[in-house]
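Read the numbers this way: they start at 1 and go in the same order the structure lists the ligands and their atoms.
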Amino acid sequence: MTKTDFLVIGSGIAGLSFALKAAKHGKVTIITKANEDESNTKYAQGGIAAVLPEAKDDSLEHHVQDTLSCGAGLCDEKIVRIVVAESGERINELIAWGTEFDKNKSGSFDLAMEGGHSAHRVLHHKDITGLEIETKLLQQIHQHPNITLHTHLFAVDIITQHHMGVIVKRNTPGITCYGAYILNTKTGKVETMLAKVTVMATGGAGQVYKTTTNPVIATGDGIAMAYRAMGKVNGMEFIQFHPTALYHPGTYPSFLISEAVRGFGAVLRTIDGKEFMQRYDERGSLAPRDIVARAIDSEMKKSGDDYVWLDCTKLNIIEFKKHFPNIYNRCMSLGIDVAKDCIPVAPAQHYLCGGIKVDEHGQSSIQHLYAIGECSSTGLHGGNRLASNSLLEAVVFAHRAYVHASERLEFIHYNEHIPEWNAVSPREVAEMVLITQSRKELQEIMSSYVGIFRSDMRLKRALERTRLLYEETEELYNRWEISPRICELRNLINLSYLIIKAAMARTENKGLHFNVDN
Ligand code: FAD
Ligand code: SIN
């Protein structure tokens, strides 16, 4: 059994930026299930949206209005205003921690344009903004004496009264988090980590779908853990599909062609060369993501094609290479010369707008459990996230959670009565093919029935099919020795259930949720 003031689960932008601040007030332990930098953060391309004081043709109010309009009337306006108002301070902190955002010749920030934004306001580091932020944050983390970062530790469940034999229901008042049970993937043992404050920073859940831009670690573990512990979760029907993932069968996850490329002037065309976005929205290729993804999906269904074209051939290629070296090189490596060839693109799952329901301080419905970053549902995104608002939300809520938690730290005590993980042994050795096959089946079901377009029949079928996978997996989970693979499958099934149920419950089409029977 180990003890730490702050247990941070996840080493993306949310977890790392929280840790750097909390370390002023106590001992911080970060655990992460893969290599230290593996995260959605690492792959972020376009950048981070913010209106800085020097902006001439933009205002905080414009950023607020764009966020609200993109969110399809479902954002929490108070939260939107908080996030936008605090964006400047958080950007300055990222810069102080070493992040370099590109500047133009006059020395001011080179701001990019993305879908749904009414002005150029996206700070970026070429087209590898996430890698730049992740690298610089990790450098700071390694220098901090109060922070310990452990890789390849997998959080299985958070600890609550339930583990002391108390019956906990979803509406039980005072559910409290005392830390987490952590699987050491090297020894195969589950360790107990007690914490005064536990922070869920576990990121998204793209692996629920067959086609996603998210890396394989994005299995929604934090949301499943919070839900199993009877915490509140919401907004799960709002799955964001990025309109322009590179169409390249056999590559998994999908490589993203940043929205900033359309902000730079690229246009979408059907395979026969016709522009089509104006028929769907007057903002054309730069309409919000839900609209563009639905339009592409409709065009692909009409023509029977597997992709549409993203046409960059009219753009200044020298400038293109400077802005998007990562995208340029990836395309070239596949024989696509963006100066002459159009890029084949198709929508892919990209972001989860819902998650663990939190208040304005990032506090979940479970005491001493905070949730920040993509695993949380703050109210910022509503029915559809505005491009580049995710990295911003993560740093703003990491800060707010840190302030709230550190002010309370001295009044929180370890619970010394927590039992060790209840492992019944000996357990059977897992037959991996059963896990990998179930994961693939789940991804097929969710992609076919709970994708961009849904219907009552599809949702019903998805629920029935996933119920079977649930029953099979629970049985294996109770019989087999524990492994990250079986835990992830279990979590993915939990997430799918939450997505399907939320989609069934929403009877009007809003933002990213579109049921053809509504
Ligand atoms: P992540 O960065 O995903 O980190 C989650 C961490 O939790 C990881 O370290 C993971 O290993 C760990 N973890 C998960 N489960 C467990 C467990 N059970 N035990 C231990 N550790 C665990 N957003 C923008 O705003 N701008 C962009 O330009 C942008 N571009 C994007 C491009 C791509 C290709 C992708 C995939 C996303 C992009 N996004 C962008 C979204 C944004 O990157 C993410 O929403 C954001 O980085 C999430 O940060 P996070 O810290 O919440 O989670
Ligand atoms: C992109 O670069 O298109 C991704 C931006 C985002 O997800 O916010």
Is E93 paired with K21 through a side-chain N to carboxylate O contact shorter than 4.0 Å? yes
Just let me know how T202 lines up against ligand 1, side chain, backbone, both or neither, with a heavy-atom cut-off below 4.0 Å. both
Considering the heavy atoms of E259, write down every atom of ligand 2 situated less than 4.0 Å from one of them. 1 (C), 2 (O), 3 (O)
Considering A371, A49, S390, A398, which one's heavy-atom position lies nearest to atom 23 (N) of ligand 1? S390
Closest non-hydrogen protein atom to atom 4 (C) of ligand 2, residue and atom name please, with distance? R289 NH2, 3.4 Å
Any carboxylate oxygen within less than 4.0 angstrom of a Lys/Arg side-chain nitrogen, looking at K103 and D110? no
Out of G47, S39, G46, whose heavy atom sits nearest atom 26 (N) of ligand 1? G47
Of H350, E36, R385, the one whose closest heavy atom lies nearest atom 33 (C) of ligand 1 is H350
Atom 2 (O) of ligand 2 sits nearest the protein heavy atom S258 OG, 2.7 Å
Just wondering, are more than 12 heavy atoms of other shown residues or ligands nearer than 6.0 Å to NE2 in H361? yes
Looking only at heavy atoms of H242, does any of them come nearer than 4.0 Å to an atom of ligand 2? yes
If the contact criterion is a heavy-atom separation under 4.0 Å, does L256 count as touching ligand 2? yes
Sub-4.0 Å atoms of ligand 2 with respect to non-hydrogen atoms of S388: 6 (C), 8 (O)
In ligand 2, which numbered atoms sit nearer than 4.0 Å to a non-hydrogen atom of H350? 4 (C), 6 (C), 7 (O)
Quick look: C375 vs ligand 1, heavy-atom contacts under 4.0 Å, and the answer is neither
For E114, the atoms of ligand 2 under 4.0 Å from one of its heavy atoms are 5 (C)
Using the side-chain hydrogen bond (donor to acceptor under 3.5 Å, both in side chains) definition, which of the options H242, H381, R289 pairs with Y351? H381
Distance-only donor-acceptor check, side chains H150 and N184, under 3.5 Å: no
As an exercise, identify every atom of ligand 2 less than 4.0 angstrom from a heavy atom of A387. 8 (O)
